[in-house]
S.K.: 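Sending over a structure as structure tokens; questions will come in a sec.
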Amino acid sequence: MATQFITETKRTHTCGQLTGADVGKDVVLFGWVHNFRDHGGAVFIDLRDREGLTQVVFEPDAKEAHDLAAMVRSEWCIGIRGKVLSRGKNVNPNMKTGEIEVRGSELTVFNKAETPPFELTDNTNTAEAKRLQYRYLDLRRAPLQKSLITRSKMNALTRAYLVEKGFLELETPFMGKYTPGGARNFLVPSRLNPGKFYALAESPQLYKQLFMVAGFERYFQIVKCFRDEDLRLDRQPEFTQIDVEMSFVKQDDVFEVIEGLIAKLWGDVLGVKVPTPFPRLDFDESMAKYGNDKPDLRFGLPHVVLTDVVRQHGAEGGVPMFVDAVAAKGIVKAMVVPAQYSLSRAESDKLEEYVKGMGAKGLARAKVGESGEWTQSPLSKTISLALRTAINTACEAKPGDLILFQFGRESMVQTVMANLRVHIAKKLKLIPEYGSGGVWNFLWVVNPPLFEYDEDAKTWAAAHHAFTRPHDSDVQYLETDPGKVKCWRYDVVLNGFEIGGGSIRLHDPAVQSRVFQALGIGEEDARNKFGFLLDALKFGAPPHGGIAIGMDRLAMLLTNAESLRDVIPFPKTQNGQDVMTAAPGEVDERQLKEVFVKTAV
RNA sequence: GGGGAGUUAGUUCAGCUGGUUAGAACGCCGGCCUGUCACGCCGGAGGUCAGGGGUUCAAGUCCCCUACUCCUCGCCA
């Protein structure tokens, strides 16, 4: 028989609140049964709410409550009334409330619970699919509660910071017009417009520029974006950005705002002082040394570009594979694994399997001997002394070092080497498998090329988007040497993750049309795709620029989570499915008819 | 679309070279227990070995297909 005190009583404290200072108080606590220990006489219940755990003890002398307490089980939702007692010598130093316990006099069962499908312990190793299926239970676990509470705090801090800096929180549509290029859009059929579709916004990019044209000067939004692309541990089909756009600014102004925001988040949430301004790394240098534009600088293992060395030595060098790769406009790169991290033969064979999975044909390697000779390498037989010496020098290779090579198509070599660098660093424990290890290496990657050459289509394509402003000094090359044009685009990177990116926009219609020409986009074509923005730019558009920060990634890194899924309450699995609700699901014929859609599976 | 790893009790896993009745821990249920906090002790229940097909005297184990999960390349202006 439940005592019904709940109807006339309010909760007085949370389960994370009571300390020795509260001894003697009458309290009412509500929460869930985290654990229980029945000693036949005393029954202990660890009561949990989002603030923490409190031990409640029921003694036999309070018979009604004691008998009921002996029946409660894990995850029942209950309320208790009792008196705060000191635990005396039985203090539990592992609990925030370990100085005290509540001696229960009354107990109400709000709701019983079935036995949970998995134990709701802090350190679970239950399969993620199972946890996602019962996400509402998984979310009861303290680590996830803590992460989402942190995320809530990040949202509040972000709003406060940006509002204080004069930014306006303005909203943009999710349902918009499909624009070609970029990420695949999720499509939404329109019932009122048969045969036509909205596209869910992959970002508020174009709208936020219109806010600048409209004269709002400083805009931000914490906003969902939708991209129908394959998932990764740091990619979900719907994700949240801190979207920012500013008028009358240079790159440095954007950097200052974002550095301040990140320093505030890390300071207020973690108590970590992040030094600003962040270091800046030239895009070209990043590609040369790390193979991508989001380098993890917590460790070394830089790449060495050998393309020129190979070219100089030519056929004399004795490595036809290198020469062929360079002749086919490919590149040659090397990476040194220092002797102190010696890899076994089996381990380097495994590395070869790993790189083959990314499209590499193999993994050439050479062990450097006492006098610079190479062993354990098929290259050692034919390579000339001169080339070998040149490579050793370029790599600063010492006896015992292992040199790993990759050559061929530039994009493949960069991808393979970039991933290999991180893979080896994890293997050698230079960086933790997950989390930051307490090291936060923020940086800006700057001055990338405006265009990249599309090998398949044999055309120049916008590396970011078609509205990025080129460096004034490079505008002269738009027609003659497009690959040489650098632009005001930037990415902010933390520990190997791109946590945000943006650009100063191109607001000059004359340069804009030259950019379109370089991209092979005709005037009519441009009008069809971006007409409204091009029109808008004609009406006194201010110089402007902005950035979007990946809020999920930021939260993941800030909370040391293993994946984005740990900082998103209801995430999708790698196939984009929600295993709890079974979305996406089929709909009936009538619904499809209503929106004039036929499936063709 | 490609590569890799995986799926055995409610959960996490073990299960060798194919061979009798598929095990452990935790959880769950029952009993005992007044100071535990990973309580303890005794007893018990619990299995479509992901699904389908094949090889074999015999398949959790070998082969093929499918589904699902995770990592990854492509993709993500």
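Note that the structure is predicted; figures quoted are calculated from it, not measured. Convention: sequence-line order gives letters A, B, ...; per-chain numbering from 1.
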S.K.: Please report the distance separating the P of G27(B) from the corresponding atom of C42(B), rounded so that it comes out in whole Å.
M.R.: 14 Å

S.K.: Between Phe532(A) and Tyr207(A), what is the ring plane arrangement, given parallel below 30°, perpendicular above 60°, and tilted in between?
M.R.: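 Phe532(A) vs Tyr207(A) ring planes: tilted.
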
S.K.: Round to the nearest Å and state the distance from Asp230(A) atom CG to C70(B) atom P.
M.R.: 12 Å

S.K.: Can you say whether the rings of Tyr219(A) and Phe211(A) are parallel (under 30°), tilted (30 to 60°) or perpendicular (over 60°)?
M.R.: tilted

S.K.: Using a 4.0 Å heavy-atom cut-off, does Arg184(A) contact any base of the nucleic acid, only the sugar-phosphate backbone, or nothing at all?
M.R.: sugar-phosphate

S.K.: Tell me whether the side-chain N/O atoms of Gln574(A) come closer than 4.0 Å to OP1 or OP2 in C68(B).
M.R.: no

S.K.: Tell me the interatomic distance from Leu132(A), atom CG, to U11(B), atom C1', rounded to whole angstroms.
M.R.: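 Distance check: Leu132(A) CG to U11(B) C1' gives 15 Å.
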
S.K.: Tell me if a side-chain donor or acceptor on Arg514(A) pairs with a main-chain N or O of Val475(A) at a distance below 3.5 Å.
M.R.: yes

S.K.: Using a heavy-atom cut-off of under 4.0 Å over every strand shown, decide if Arg131(A) touches base, sugar-phosphate, or nothing.
M.R.: nothing

S.K.: Please report the distance, rounded to the nearest Å, between CD in Glu353(A) and C1' in A5(B).
M.R.: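 Distance, rounded to whole Å: 13 Å.
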
S.K.: For the pair made of CG in Asp38(A) and C1' in U34(B), what is the distance, rounded to whole Å?
M.R.: 10 Å

S.K.: Given the P atoms of A50(B) and U7(B), what is the spacing between them in whole Å?
M.R.: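 Pairwise P distance, A50(B) against U7(B), rounds to 8 Å.
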
S.K.: Expected output is a numbered-order residue list: members of residues 406-425 of chain A with a heavy atom under 4.0 Å from any atom of RNA chain B. What is it?
M.R.: Thr415(A), Asn419(A)

S.K.: Is any side-chain nitrogen or oxygen of Thr126(A) closer than 4.0 Å to OP1 or OP2 of U12(B)?
M.R.: no

S.K.: Roughly how many Å is it from CZ in Phe118(A) to C1' in G27(B), rounded to a whole number?
M.R.: 13 Å

S.K.: Roughly how many Å apart are C16(B) and A22(B), using the P atom of each and rounding to a whole number?
M.R.: 15 Å

S.K.: What is the distance from CD of Glu238(A) to P of C76(B), rounded to the nearest Å?
M.R.: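 Rounded to the whole Å, the gap is 20 Å.
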
S.K.: Using a 5.5 Å cut-off between ring centres and planes within 30 degrees, is Phe44(A) stacked on the base of U36(B)?
M.R.: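 Yes.
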
S.K.: Can you tell me how far C1' in A24(B) sits from the matching atom in G47(B), rounded to whole Å?
M.R.: 15 Å

S.K.: With Arg421(A) as the cation and Phe299(A) as the aromatic partner, state whether NZ or CZ is under 6.0 Å from the six-membered ring centre and within 45° of the axis.
M.R.: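 Geometry flag: set, cation within 6.0 Å and 45°.
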
S.K.: Can you name the one residue among Arg87(A), Gln55(A), Lys83(A) that meets side chain to side chain donor-acceptor pair (under 3.5 Å) with Glu101(A)?
M.R.: Gln55(A)

S.K.: Tabulate below the donor-acceptor pairs under 3.5 Å that side-chain atoms of residues 112-119 of chain A make, not counting sequence neighbours, or state none.
M.R.:
none

S.K.: Would you say Arg37(A) places a side-chain N or O within less than 4.0 Å of OP1 or OP2 belonging to U36(B)?
M.R.: no

S.K.: Is the distance from OP1 or OP2 of A67(B) to the nearest side-chain N or O of Asn575(A) less than 4.0 Å?
M.R.: no

S.K.: Please lay out, stage by stage, how Lys224(A) and Asp552(A) fare under the test salt bridge (Lys or Arg N to Asp or Glu O under 4.0 Å).
M.R.: CA-CA 10 Å; Lys224(A) 275 282 177 73; Asp552(A) 312 274; over 6 Å; no

S.K.: Is Arg232(A) near enough to C73(B) that one of its side-chain N or O atoms lies under 4.0 angstrom from OP1 or OP2?
M.R.: yes

S.K.: Check whether any side-chain N or O of Arg553(A) sits under 4.0 Å from OP1 or OP2 of C76(B), and answer yes or no.
M.R.: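 It does not, given that no N or O in the side chain of Arg553(A) lies less than 4.0 Å from OP1 or OP2 of C76(B).
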
S.K.: If you look at every strand shown and take non-hydrogen atoms under 4.0 Å, does Ala463(A) touch a base, only sugar-phosphate, or nothing?
M.R.: sugar-phosphate

S.K.: Has His39(A) got its ring stacked on the base of C39(B), with centres under 5.5 Å and planes less than 30° apart?
M.R.: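 Yes, His39(A) stacks on the base of C39(B).
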
S.K.: Say we look at U61(B) and G18(B): how far apart would their C1' atoms be, to the nearest angstrom?
M.R.: 6 Å

S.K.: For Met71(A), I'd like to know if atom CE has over 12 heavy atoms of other residues, nucleotides or ligands within 6.0 Å.
M.R.: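 Incorrect, the count does not exceed 12.
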
S.K.: Give me the distance, rounded to whole Å, that separates U66(B) from G4(B) when you measure between the P atoms they each carry.
M.R.: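 Going atom to atom, P in each nucleotide, I get 15 Å.
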
S.K.: Using a strict cut-off of less than 4.0 Å between a Lys/Arg side-chain nitrogen and an Asp/Glu carboxylate oxygen, indicate whether Asp138(A) and Arg131(A) qualify as a salt bridge.
M.R.: yes

S.K.: Please work out if Lys356(A) contacts a base, only the sugar-phosphate, or nothing of the nucleic acid, heavy-atom cut-off 4.0 Å.
M.R.: nothing

S.K.: Please measure how far the C1' atom in A67(B) lies from the corresponding atom in A25(B), and state the result in whole Å.
M.R.: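 Pairwise C1' distance, A67(B) against A25(B), rounds to 30 Å.
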
S.K.: Given U72(B), U69(B), C28(B), identify the nucleotide with an atom nearest to the side chain of Met358(A).
M.R.: U72(B)

S.K.: Say we look at U8(B) and U12(B): how far apart would their C1' atoms be, to the nearest angstrom?
M.R.: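 After rounding to an integer number of Å, I get 12 Å for this pair.
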
S.K.: Using 30° and 60° as the class limits, which term best fits the ring planes of Trp488(A) and His471(A): parallel, tilted or perpendicular?
M.R.: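 Answer is tilted, since the angle falls between 30° and 60°.
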
S.K.: For the pair made of CD in Glu114(A) and P in G27(B), what is the distance, rounded to whole Å?
M.R.: 19 Å

S.K.: Please give, in whole Å, the distance from C71(B) C1' to Glu128(A) CD?
M.R.: 12 Å

S.K.: I need the residues from residues 485-498 of chain A with at least one non-hydrogen atom less than 4.0 Å from RNA chain B; give them sorted by number, or say none.
M.R.: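 None, since no heavy atom is under 4.0 Å.
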
S.K.: Would you kindly check whether a donor in the side chain of Glu119(A) faces an acceptor in the base of U12(B), or vice versa, at under 3.5 angstrom?
M.R.: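 Absent.
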
S.K.: Is it the case that the side chain of Arg141(A) and the backbone of Asp122(A) share a donor-acceptor pair, with hydrogens and angles ignored and the cut-off at 3.5 Å?
M.R.: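 Yes, because the side chain of Arg141(A) sits within donor-acceptor range (under 3.5 Å) of the backbone of Asp122(A).
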
